[in-house]
Amino acid sequence: MASKALVPFLVAMMLLTGVCNTLFTKYQDNQCVRNCDDPDPKNRKTFEQPVLQTAQMFVGEVGCWLVVGVMAGWQKYKSRRSPKADGYQAVVEDAGDNDNDAASIHSDHPLVQPAPKRADGLLRGYGILLLALPAICDILGTTLVNAGLFMVAASIYQMTRGALVLFVGLFSVVFLQRKLHLFQWVSLVGVVAGVALVGLAGVIWPDTKDALKQAADDAASVDALRAALGVVLIAGAQIFTATQFVLEEFLLERSSIEAIEVVGWEGLFGLAVTLIGMLVLHLVVGRTDAGRYGMFDMVEGFRQMTEYKAVWVSSLLTMVSIGGFNFFGLSVTRSVSATARSTIDSCRTLFIWIVSLGLGWESFKGLQVAGFVLLVYFTFLFNGVVNPPFKFLQSNEEVEELLPEEPIEH
């Protein structure tokens, strides 16, 4: 657990890196990578490589091993400087205990007890491969939300991800045998309503990219369909993210592995599976006439990422930001209350919205405000941050936490 003095700094950095994750990815999506000099805006193509963006996320997670290595090195350094590391321990002399000294020499019990061996439960030995399961869920969920992000505004993307609480709640009941109280079921309905309003705002008033503003007369309807598809992809992706969280909760409850090591292992497994999947999809789809220059054309994707400075710089920044978000999030998550965590997540969405409006990436939508208010209120109600408004919704029983291991959303 982090010291109290460090908690405000860790919270601020968690919030900053969480905001940067979305903004850097959206900035990357906005970069023109082909036919940029074409006078017809419809022929200009922006960076749309959700699978490659998933790979860069896992590279950021793999970076957590650097933190693990530094922490292990620091602990080793501290232990070498400590006299206890060599088995020495100060002995308080007592004149009446001289007869016990001889007995202690022949004792079978050392003065300094060795550290107990860690039993990693399900994740011991080859069992660590089980972390590939939540990693695969992460691949599917992240790829879908990345695909949805280049169809909708950054704030709508972030708000739509609020549907996660719905699937986490349902899956926790079905698979983890958790109990939901009446006010929590009402909260889930409210969350759905909030997400629906946010998605509707994106469909009715889609934010078109600059290159498309002067396109054909039917551009509005095309953008509306893209926005609707984007919202569906992002909301649907939360099924895989919720499955990932429930799997992580199941595994972590039955093992003693450090959470940051879990992130590192999932990063390794996720990166390996993603790269293999990219190669297979390139051979099957990307090399065909229909798939050329598309999201499964791995060669074109790497060309776009390496040839355009804005793309590869934003890619590096995203990797660093994701690695930092995991580190700061795991450092602070058990040092603050559920109230603080819910507030941080809501502030993250709000800041993304404010920055996007300031940069001109999207326009203000009143309906989106209503959806956001519903989403925040019912998420707070679900997590026990605010009390139920009616007495019949209040519970006399203690409300258990659905995911005590507290996985971190990217």
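Keep in mind that what you see is a predicted model, and the values were worked out from it rather than measured.
Within the 4.5 Å cutoff, the side chain of Asp138 has heavy atoms near those of the Met57 side chain. Side-chain contact check for Val320 versus Leu316: every heavy-atom pair is 4.5 Å or farther apart. In this structure, Leu144 and Ile234 have side chains that are not in contact, with every pair of non-hydrogen atoms separated by 4.5 Å or more. In this structure, Val246 and Leu176 have side chains that are in contact, with non-hydrogen atoms separated by less than 4.5 Å. Using a 4.5 Å heavy-atom cutoff, the side chains of Gln394 and Phe183 are not in contact. Contact of the Phe351 side chain with the Cys20 side chain is not registered, since no non-hydrogen atoms from C-beta on lie closer than 4.5 Å. Within the 4.5 Å cutoff, side-chain heavy atoms of Leu170 are placed close to those of Trp185. At least one side-chain heavy atom of Gln56 sits under 4.5 Å from a side-chain heavy atom of Gln28.
The structure places CD1 of Ile257 at 11.5 Å from CG of Leu122, a figure rounded to the nearest 0.5 Å. Between Leu16 atom CG and Leu23 atom CG the span is 10.0 Å, to the nearest 0.5 Å. With rounding to the nearest 0.5 Å, the separation of CG in Leu281 from CD1 in Ile276 is 12.0 Å. Note that the CZ atom of Phe58 and the CG atom of Leu268 stand 10.5 Å from one another [nearest 0.5 Å]. Distance check: Leu283 CG to Met298 CE gives 7.0 Å after rounding to the nearest 0.5 Å. Between atom CD of residue Gln158 and atom CD1 of residue Ile352 there is a gap of 4.0 Å, rounded to the nearest 0.5 Å.
Of the possible donor and acceptor atoms, one in the side chain of Asp38 sits under 3.5 Å from a partner among the backbone N and O of Asp40. No donor-acceptor pair closer than 3.5 Å links the side chain of Lys179 to the backbone N or O of Gln177. For the pair Lys26 (side chain) and Ala153 (backbone), a donor-acceptor distance under 3.5 Å is absent. Counting only distance, with no hydrogens or angles, the side chain of Arg226 and the backbone of Phe150 share a donor-acceptor pair below 3.5 Å. With hydrogens and angles ignored, the 3.5 Å screen pairs a side-chain donor or acceptor of Tyr308 with a backbone N or O of Val33. Of the possible donor and acceptor atoms, one in the side chain of Arg348 sits under 3.5 Å from a partner among the backbone N and O of Gly18. For Trp312 (side chain) and Met305 (main-chain N/O), no donor-acceptor pair under 3.5 Å exists by modelled atom type. A side-chain donor-acceptor contact under 3.5 Å links Gln31 to the backbone of Tyr27.
Taking the ring centroids of Trp265 and Phe269, they lie under the 6.0 Å cut-off.
Residues Gln244 and Cys137 share a closest heavy-atom pair of CB-CB, 3.8 Å. Nearest heavy-atom pair across Asn146 and Asp29 is O-OD2, 4.5 Å. For the residue pair Val311 and Phe47, the shortest heavy atom distance occurs at CG1-CE1, 3.8 Å. Across every non-hydrogen atom of Val145 and Ala237, the tightest pair is CG1-CB, 3.4 Å. When every heavy atom of Arg44 is checked against every heavy atom of Asn35, the shortest pair comes out as CG-O, 3.1 Å. Taking each heavy atom of Ser356 and Ala154 in turn, the nearest pair found is OG-CB, 3.5 Å.
A 6.0 Å sphere centred on CZ of Arg287 holds no more than 12 heavy atoms belonging to other residues, nucleotides or ligands.
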Mind running side chain to side chain contact (heavy atoms under 4.5 Å, CB included) on Arg124 and Ser255 for me, showing each step along the way? CA-CA 8 Å; Arg124 183 175 60 248; Ser255 63; over 6 Å; no
Would you check, one step at a time, whether the test side chain to side chain contact (heavy atoms under 4.5 Å, CB included) holds for Leu225 with Leu229? CA-CA 6 Å; Leu225 289 174; Leu229 177 59; over 6 Å; no
Does Met14 form a side chain to side chain contact (heavy atoms under 4.5 Å, CB included) with Leu10? I'd like the steps, not just the answer. CA-CA 6 Å; Met14 177 185 175; Leu10 294 173; over 6 Å; no
Derivation of the side chain to side chain contact (heavy atoms under 4.5 Å, CB included) call for Phe328 and Val11: CA-CA 7 Å; Phe328 293 119; Val11 168; over 6 Å; no
Between Gln304 and Glu300, is a side chain to side chain donor-acceptor pair (under 3.5 Å) present by the stated rule, with each step listed? CA-CA 6 Å; Gln304 293 174 2; Glu300 175 65 12; 2.9 Å; yes
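A side-chain N or O of Ser155 and one of Gln368 form a donor-acceptor pair less than 3.5 Å apart. Side chains of Thr54 and Thr143: a donor-acceptor N/O pair is present below 3.5 angstrom, by distance only.
For the side chain to side chain donor-acceptor pair (under 3.5 Å) condition, the pairs that include at least one residue of residues 290-299, sequence neighbours left out, are Asp289-Arg292.
The residues Arg254 and Glu248 are annotated as not salt-bridged, no charged nitrogen and carboxylate oxygen being separated by less than 4.0 angstrom. Checked for salt-bridge contact, Glu307 and Arg34 miss the test: no charged N lies under 4.0 Å from a carboxylate O.
Aromatic ring pairs are classed by plane angle as parallel below 30°, tilted from 30° to 60° and perpendicular above 60°; the pair Phe364 and Trp353 is parallel. The aromatic rings of Phe175 and Phe171 lie perpendicular to each other, with more than 60° between the two planes, well past the 30° mark.
Just one residue in the list Asn21, Thr22, Thr25, Thr17 forms a side-chain hydrogen bond (donor to acceptor under 3.5 Å, both in side chains) with Ser321, and that residue is Asn21.
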